[in-house]
Number of protein chains: 2
Amino acid sequence: MASEQVTPPLYGTVLLKAKAILDFILNTPTPPNLKEISDNVPMTKSTVFKILKTLEFCGFVRCLGEEKRYYLGTTFLSYAQKTLSTFDINLVAKPFLAQLRDETNETVNLGILDTSDSTVTLLAKLESPNSINLVSRVGKGMHLYSSAMGKAMLSCLPENEFDAYLTKTDLVPLTEDTITDKKQLCENIQQAKANGYAIENNENQKDVLCVGFPLYKDGRIYGAFSVSAPRYRVAEGNLALFIEKGRIAQQNILAVI
Amino acid sequence: MASEQVTPPLYGTVLLKAKAILDFILNTPTPPNLKEISDNVPMTKSTVFKILKTLEFCGFVRCLGEEKRYYLGTTFLSYAQKTLSTFDINLVAKPFLAQLRDETNETVNLGILDTSDSTVTLLAKLESPNSINLVSRVGKGMHLYSSAMGKAMLSCLPENEFDAYLTKTDLVPLTEDTITDKKQLCENIQQAKANGYAIENNENQKDVLCVGFPLYKDGRIYGAFSVSAPRYRVAEGNLALFIEKGRIAQQNILAVI
DNA sequence: TATAAAATTTCTTATACAGAAATATTATAC
DNA sequence: GTATAATATTTCTGTATAAGAAATTTTATA
């Protein structure tokens, strides 16, 4: 849906063919042999064969057994490890968050879950063009129970992990509206789960309202982002805009993760 | 060293170039930009650029940030998952184990660690050409503390996991030579770790001697294999042969895992 | 042993590729 | 704010390479 590049490049047809073959192996329950592959990708048997042999040479596939079935290779294990170790949600999400900032004219934050002490680590803050800004600092840890991003991420936790968090955490009040009752927090998180976003209204920082969106995909919590504004600037229509545009940003980011 | 295919295939030069680029990104601590890549692979900048754009289109790399640095893509996460879920140590190891069987003229076994109940599951049994064979059945579970493959795998466990195993396990005797003393087992495993192989002499099955080799790589225990023979057939020189040829098979298998 | 099916190899022309060099886009110095 | 340098991207062209048809070898099955 986004206006991204969808036309294949005019270079590297072999790469595109190789990917089609790899994807076919990926999506086939039992490892296929040459015939099964060439029957299911738009290439002749000899072309598939030659590409497979090169992929095998590269360690991208392995051909095993008397039936000569093709398996994805162990090379991908190293690549995947590197992908994870250098994955930068900050860089991935930033363009979409900048757009969200421009659409809402408010400050947009990006955070990740710090599992060591169950807090939100603020990775990036895209300042509102409006003059009066909020006091937040990149790197600062916030509580999960009081912040919009934190509550958004809580809403994605598996039940047992959420229970563990609830058990071990003291809900220390930060403002007069901080939720300090565990049952109430539970309900609040349930609501966030149902909505797909979490609202924090004067709970974490005085006179600030935040809408937090989780970045959750394939069972993994990549982080969360939020739109935050001084409460006086958030009228009814404004909040709806935050939610609408936030949801779009969320979809866009998840699509490229 | 093995007489495997080492000559690049005469087809798919773009694939080979693409792999060189991916490998450079893999081995560079901070994600490189175009210039850094093209300075380090034997291609011109424009060639590297065009391949990168196609790799990006395929989801194999992503270009992020103002500095346009290249990261390995998330596509590899799916590929790696599939690699692991279809990984078949049996098929990978079999040719080398068949060779070992022929070199020793004894039965060769392949097993994996069943972590659910801490036993060895026998995956394959390559029968000795000699007439008198041993009683073992594919699928049969053996104890880690009494079998050669089990002890080989124990020698690769991280210390805390080994301690946990020792604590929870009753060393029930299977023969008159089964090690039933935990301290003695500890020393035996230490010895196996130092040797790189484990010997089981009449401990698991009466009148049988086994030499077990672990298949351990990158912190992962893929399984173990063993050469097993009736004790009366194992003279001094024979045992040395088992160890020598077993080590070679182990190296060969680990090289292709 | 005969037959079928699948895997390799051979061969050839159109085409996709590689690199040089020009251009555009940044970053940085002045 | 302009000049300069560094990097990224595009254009262009001869040549190497890829794609497919078909023959051949290998392997499975009757």
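Every heavy atom of this structure was used, including side-chain atoms; hydrogens, water molecules and symmetry mates were not. Every chain is numbered from 1 and lettered A, B, ... according to where its sequence line falls, protein lines coming before strand lines.
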For this session: Report the C-alpha separation of B/Asn204 and B/Ser147 in whole Å, then their side-chain angles, then the decisive distance to 0.1 Å, and conclude whether the side-chain hydrogen bond (donor to acceptor under 3.5 Å, both in side chains) test is met.
Result: CA-CA 6 Å; B/Asn204 192 56; B/Ser147 65; 5.3 Å; no
Exercise. Are B/Glu127 and B/Arg101 ion-paired here, with the side-chain N under 4.0 Å from a carboxylate O?
Worked result: no
Problem set entry | With B/Glu36, the salt bridge (Lys or Arg N to Asp or Glu O under 4.0 Å) member among B/Lys68, B/Lys45, B/Arg69 | B/Arg69
For this session: Starting at atom CD1 of B/Ile51, determine the distance to atom C1' of C/dA16, rounded to an integer number of angstrom.
Result: 12 Å
For this session: Indicate whether OP1 or OP2 belonging to C/dA16 is found under 4.0 Å from a side-chain N or O atom of A/Thr13.
Result: no
Exercise. To the nearest angstrom, how far is A/Glu66 atom CD from C/dA6 atom C1'?
Worked result: 14 Å
For this session: Quickly work out the B/Met43 CE to D/dA16 C1' distance and round it to whole Å.
Result: 16 Å
Exercise. Do the two ring centres, one from A/Phe96 and one from A/Phe225, sit under 6.0 Å apart?
Worked result: no
For this session: Round to the nearest Å and state the distance from A/Lys17 atom NZ to C/dC17 atom P.
Result: 10 Å
Problem set entry | Interatomic distance, A/Leu52 CG vs C/dA6 P [rounded to whole Å] | 16 Å
Exercise. Mind checking what makes side chain to side chain contact (heavy atoms under 4.5 Å, CB included) contact with B/Ile112, not counting sequence neighbours?
Worked result: B/Ile89, B/Thr121, B/Leu123
For this session: Examine B/Phe60 together with B/Phe76 and report whether their ring centres are nearer than 6.0 Å.
Result: yes
Find every protein N or O atom lying less than 3.5 Å from an N or O atom of nucleotides 8-10 of chain D, and list the pairs.
unit_1 : atom_1 : unit_2  : atom_2 : d
D/dA8  : OP1    : B/Leu34 : N      : 3.3
D/dA8  : OP2    : B/Lys35 : N      : 2.9
D/dA8  : N7     : B/Lys45 : NZ     : 3.0
D/dT9  : OP1    : B/Lys68 : NZ     : 2.9

